[in-house]
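Throughout, protein chains are lettered first and strands after them, A, B, ... in sequence-line order, and every chain is numbered starting at 1. These figures come from a predicted structure and were not determined experimentally. All heavy atoms count here, side chains included; hydrogens, waters and symmetry mates do not.
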Number of protein chains: 2
Amino acid sequence: WCRVVILGGLKAEDDAMEELATEKEAEESHRQDSVNLLTFILLLTLTILTIWLFKHRRVRFLHETGLAMIYGLLVGVILRYGIPATSYHNKTPPSCSLKEGPVSTLLLNVSGKFFEYTLKGEINSREIHNVEQNDMLRKVTFDPEVFFNILLPPIIFHAGYSLKKRNFFRNLGSIITYAFLGTAISCFVIGNLMYGVVKLMQVVGQLTDKFYYTDCLFFGAIISATDPVTVLAIFNELHADGDLYALLFGESVMNDAVAIVLSSSIVAYQPAGANTHMFDASAFFKSVGVFLGIFSGSFVMGAATGVVTFTKLHCFPLLETALFFLMSWSTFLLAEACGFTGVVAVLFCGITQAHYTYNNLSEESTKRTKQLFEVLHFLAENFIFSYMGLALFTFQNHIFSPIFIIGAFISIFIGRAFNIYPLSFLLNLGRRHKIKGNFQHMMMFAGLRGAMAFALAIRDTATYARQMMFTTTLLIVFFTVWVFGGGTTPMLSWLHIRVGVDPDQDQQPCGDSFQVLQGDGPQAEGQSKTKQESAWLFRLWYTFDHNYLKPILTHSGPPLTSTLPAYCGPLASCLTSPQAYENNEQLRDHDSDLLRNDGDLTFMFGDTAITANGASGSGGDAAGGSSWSANGKRSGSTSEEALERELDSREQELLSRGTRLVFPIEDHI
Amino acid sequence: WCRVVILGGLKAEDDAMEELATEKEAEESHRQDSVNLLTFILLLTLTILTIWLFKHRRVRFLHETGLAMIYGLLVGVILRYGIPATSYHNKTPPSCSLKEGPVSTLLLNVSGKFFEYTLKGEINSREIHNVEQNDMLRKVTFDPEVFFNILLPPIIFHAGYSLKKRNFFRNLGSIITYAFLGTAISCFVIGNLMYGVVKLMQVVGQLTDKFYYTDCLFFGAIISATDPVTVLAIFNELHADGDLYALLFGESVMNDAVAIVLSSSIVAYQPAGANTHMFDASAFFKSVGVFLGIFSGSFVMGAATGVVTFTKLHCFPLLETALFFLMSWSTFLLAEACGFTGVVAVLFCGITQAHYTYNNLSEESTKRTKQLFEVLHFLAENFIFSYMGLALFTFQNHIFSPIFIIGAFISIFIGRAFNIYPLSFLLNLGRRHKIKGNFQHMMMFAGLRGAMAFALAIRDTATYARQMMFTTTLLIVFFTVWVFGGGTTPMLSWLHIRVGVDPDQDQQPCGDSFQVLQGDGPQAEGQSKTKQESAWLFRLWYTFDHNYLKPILTHSGPPLTSTLPAYCGPLASCLTSPQAYENNEQLRDHDSDLLRNDGDLTFMFGDTAITANGASGSGGDAAGGSSWSANGKRSGSTSEEALERELDSREQELLSRGTRLVFPIEDHI
């Protein structure tokens with residue numbers, strides 16, 4: 001009996017020791033994880049501080065994302081070469097054999113105790129021996145799904161949410177053409193050219209493993225997602241032409257969605273029978289079906305979640321913001337759960353929310369949500385770019401193939417050219433406000449690759465072909481962001497694209513009243529008619545949206561009772577929120593506000609200028625007065641007068657400059 | 001040759017099929033994950049909507065956290081009983097044997113292909129057969145480290161960041177006493193009582209496995225972390241007494257930190273030799289050393305990161321906010337990487353940042369950071385509470401032991417009583433402003449348990465003892481949040497605790513002027529002298545902080561050149577930022593602002609009340625007027641003038657009254 005107790009005690013001690021060892025190891029691993037995350041955070045911190053320095057000194061040749069990549073590269077070099085490769089446990093992990101295929105859950109029986117293991121992925125047989133040796137490098141490698149499920153959604157949502165610009169809707173037709181048709185063209189051009197390159201490599205003997213035609217098409221799809229974040233930041237800062245901005249931004253946002261769906265349709269292209277990787281019509285049509293299905297499904301889902309309205313949470317901005325955030329995220333998850341693409345759904349959710357839900361939020365909440373997503377977007381974007389820099393040195397399966405890389409560089413330029421120039425030509429046939437040559441060249445130049453191409457490339461790096469693609473994509477992103485991003489400012493002046501356009505003109509919600517003011521000459525009035533007719537589709541949608549959708553979905557817009565025909569009275573009053581009636585009054589004020597703003601702009605033309613300025617001037621006066629009077633009334637009041645005079649003169653200056661630059665709202669399609 | 005090709009083709013097809021199957025499974029698993037997350041998000045959405053309804057209807061008996069738990073419970077019931085348990089693959093996963101202990105990485109050899117598996121954890125032998133069967137329930141179970149690394153930090157940081165209240169610093173001594181001494185007392189009282197309960201269970205034969213004394217102490221530590229979130233929300237809403245609020249809030253924030261470090265020191269208590277789980281003086285002192293080491297390390301680390309200043313990012317609120325966020329997070333990671341407690345570091349980082357860094361941020365950024373953390377805190381808190389509800393039904397290893405549960409309920413009340421009443425008695429010996437009996441009862445009553453107790457309990461549920469603790473903790477959280485949380489309003493009125501205190505008074509940085517107003521009698525003035533002397537330590541710190549730390553670390557406070565002795569001139573001017581000189585002017589304005597605010601407070605006591613009312617009334621009127629003036633100038637300009645005059649006169653009034661009321665900073669200890 002005694003012996004049993006002693007043995008039991010020893011056993012317990014043994015257990016405790018073993019437990020302790022496991023605990024220590026877990027602690028060590030946890031500490032390592034913290035260090036790795038800390039590395040990234042310090043990278044981001046460094047990036048932010050340097051960005052600030054650059055912004056402060058107005059350095060424009062290097063954007064924050066380019067900077068993040070450089071820092072990432074530096075840290076990658078240090079991790080790779082600075083730390084001795086021999087880790088403390090340098091051995092092959094134990095292995096066991098099974099006859100069945102890989103299962104998601106595996107049990108390990110260690111002398112009667114069971115441990116549960118989960119599948120991490122297949123591992124190359126040549127890497128078995130340094131699984132733990134390369135632990136350091138492997139640790140800073142994130143699960144690629146992190147990019148898709150955590151980092152991309154805020155970026156994409158923010159992009160969609162920022163699309164609420166007059167210029168975007170004005171150029172909607174062109175943007176959609178570039179995004180859909182253009183991306184498809186680019187994908188197939190690049191895919192076919194790359195197939196030629198691959199064939200060449202085969203002939204030269206540079207290809208050591210399989211590389212199918214579908215792989216080439218896949219590469220075409222992922223590399224067709226443009227991300228001119230650098231260019232757009234400079235456009236924003238220099239207030240470059242609004243239409244060009246809208247075209248570029250809209251195209252880049254939408255073609256991300258197209259590229260992501262296109263790439264998954266290409267993966268879904270699985271010809272039946274033995275002749276895999278040959279053309280198969282039924283499989284092709286199936287792929288097209290998959291494309292259309294996923295795209296429209298994601299679109300509908302995103303738009304549907306986007307229009308869900310919060311009616312009366314007005315008084316609690318925190319609740320509103322939280323709800324808004326959750327709704328966006330649930331769109332993503334809902335789409336993923338249904339087998340659609342979350343990122344695409346989130347994009348359309350953002351666009352719809354900006355268009356409808358935004359109007360239902362309280363003022364405080366609109367600001368909060370905007371700022372929340374701005375911060376998330378900023379952090380996610382810089383994280384991805386610094387991770388890219390890091391990945392160049394820490395990713396373990398790079399395959400650098402000079403021929404493939406050079407071929408890819410040439411192909412993407414040809415692909416971009418086949419996208420921009422022919423489509424611009426076709427669009428110009430229909431557009432009254434042509435996309436000029438220098439705009440086309442700028443769009444060609446702004447074909448940067450970024451976060452989406454990277455995320456798509458890193459998602460699957462299991463095969464030889466995919467690894468080569470990943471390496472090439474990384475290099476293309478580096479090159480385009482640094483070289484084209486840095487060359488934006490010289491390029492703008494070289495192409496004579498006007499900058500310094502008053503940004504305020506873009507912020508007016510629906511300034512159709514502008515139309516007459518600006519005109520391209522005396523014949524503007526005459527042409528305005530034809531233009532309106534050619535854009536009847538857009539106009540139809542706009543009217544429908546304004547009169548019916550907005551009143552139903554938001555608290556803004558006229559009450560339905562006034563827009564629906566009389567016989568729909570009961571239905572209308574049922575659908576109209578009580579607020580809408582109140583709002584009707586405010587709307588009128590708002591409209592008059594608009595008029596006033598418009599008035600401000602035309603001011604220089606009319607003789608009523610002094611009155612309008614006087615009104616806004618004295619409004620500012622009172623506001624200024626109240627803040628100044630906290631200190632000393634007497635000095636305050638004098639400086640107020642000075643301020644007033646200054647504001648007036650400044651306003652007039654701006655306005656006088658505005659006349660040259662303000663153009664009418666019109667859809668150019 | 002032909003045969004080889006055919007075989008190759010078949011092999012490829014086979015591979016493709018297999019790949020497809022694996023891909024399908026991965027897709028299915030991904031979809032399942034999305035559904036699970038979606039469940040939580042819908043839960044949160046539902047909670048938010050119901051909260052809104054409650055707030056709208058001013059229902060106060062159920063707080064959002066209580067609501068979140070109820071919804072969690074409902075979903076848990078549905079998941080547990082509503083979905084048929086037989087999943088489509090209802091089998092024991094394959095297992096393989098090894099002689100060595102569990103390793104973190106295991107390789108699986110399936111006919112020459114290697115797959116990598118990572119350790120998930122030990123699994124109970126009775127559960128092997130339904131590993132996959134219970135997949136649904138297991139899927140909604142998060143890794144407990146998620147709570148510590150993702151959900152708790154924003155909650156704790158936000159708590160620390162919100163501590164910037166006059167009342168907190170005034171009651172600092174009492175708060176620290178309750179938090180440190182009180183939590184230690186509570187921990188040992190509960191631990192010893194529970195050891196008695198465990199002994200009783202052993203006698204009755206209810207105990208089926210080991211339950212050591214250290215386990216009891218551990219339970220005492222985790223259950224000593226109070227979280228009166230419900231009570232505080234009601235206090236906030238009803239504007240209950242500021243000192244009581246500060247005492248409760250401060251205690252709950254600080255005792256989380258104490259409980260977390262205490263529990264890890266108890267885990268670190270590992271007596272050497274064979275007589276494990278007996279008292280061992282050296283191990284005890286080692287534990288005390290661990291406690292002091294971890295606590296002070298975390299404290300220093302948090303405070304150090306907190307004071308790091310951003311000097312000049314003023315013009316870019318986005319960068320400032322992002323940097324602020326990253327700094328807080330890096331504090332957490334840095335502490336974890338160094339082996340300290342991240343949560344504790346984050347708490348002190350929050351407190352320090354609120355005290356110093358906050359002053360360096362631009363106005364826009366202070367708002368942004370506050371709102372950002374508010375949203376994160378809100379989401380994290382409600383997520384934890386709804387997860388608690390869910391866990392009651394979906395957690396697989398519950399051990400309900402009636403004796404243990406009843407014993408625990410009794411123990412925590414006794415433990416809380418031993419914390420509050422004796423310490424209050426001791427504190428009252430030193431405090432001039434006594435903690436009255438009804439305050440003590442309220443503090444006793446407000447001993448709710450919440451997120452921290454839950455997170456500590458779920459962190460390790462490997463042993464029988466820990467599982468029983470987890471179940472009991474869960475029930476205690478439910479009971480206290482629902483019953484005590486719901487009973488706060490009746491309790492407040494039953495204890496005659498005054499509500500409806502002007503909330504503005506709490507927002508004043510140093511408005512001790514209040515004292516006289518609320519005063520304990522006419523002798524207040526006389527005692528003020530003795531009190532000041534007794535609090536010399538606090539005063540010393542305050543002066544040092546105001547004159548030296550604030551000027552060095554922030555842009556607020558007087559320039560060092562004016563506070564340091566003359567012979568330190570060069571050093572002072574080197575350390576003083578150029579902004580401080582400018583700020584000196586503004587500071588003076590700020591001070592006069594304070595004067596003005598203080599004036600507001602006394603207002604209703606004086607006879608000039610009518611004037612103020614009149615002023616604010618017409619002020620509102622005038623403000624309305626200026627917004628109206630957008631429409632018609634004439635009415636606008638007249639009301640603007642009125643506003644200006646009104647503001648002026650109001651200010652003069654306020655200033656003249658303010659002088660009477662400013663009293664020195666003093667603390668009540």
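Between A:Glu364 and A:Arg368, at least one side-chain nitrogen of the basic residue sits less than 4.0 Å from a carboxylate oxygen of the acidic one, meeting the salt-bridge criterion.
Neither the backbone nor the side chain of A:Asn382 comes within less than 4.5 Å of any heavy atom of chain B. Within the 4.5 angstrom heavy-atom criterion, only side-chain atoms of A:Leu379, from C-beta onward, approach chain B. With a threshold of 4.5 angstrom between heavy atoms, A:Ser330 approaches chain B through its backbone and through its side chain. Interface remark: A:Phe325 contributes side-chain atoms only to the contact with chain B (heavy atom separation under 4.5 Å). Contacts of B:Leu44 with chain A are made by both backbone and side-chain atoms, with heavy-atom separations under 4.5 Å.
Your options are A:Leu376, A:Leu334, A:Leu42, and the one with the most heavy-atom pairs under 4.5 Å with chain B is A:Leu334. Chosen from A:Asn149, A:Leu318, A:Thr45, A:Ile51, the residue pairing most often with chain B at heavy-atom distances under 4.5 Å is A:Leu318. For chain B, the option among A:Leu333, A:Leu53, A:Leu37 with the highest count of heavy-atom pairs below 4.5 Å is A:Leu333.
No side-chain donor-acceptor contact under 3.5 Å links A:Glu320 to the backbone of A:Ser365.
Atom CD of A:Gln371 and atom OG1 of B:Thr321 lie 7.5 Å apart (nearest 0.5 Å).
Ring geometry for A:Phe324 against A:Phe373 counts as perpendicular: the plane angle is over 60°, on a 0 to 90° scale with 30° as the lower cut.
For the pair B:Leu38 and A:Trp329, the minimum side-chain heavy-atom distance is 4.5 Å or more. Proximity of B:Phe383 to B:Leu43: side-chain heavy atoms (C-beta onward) are nowhere separated by under 4.5 Å.
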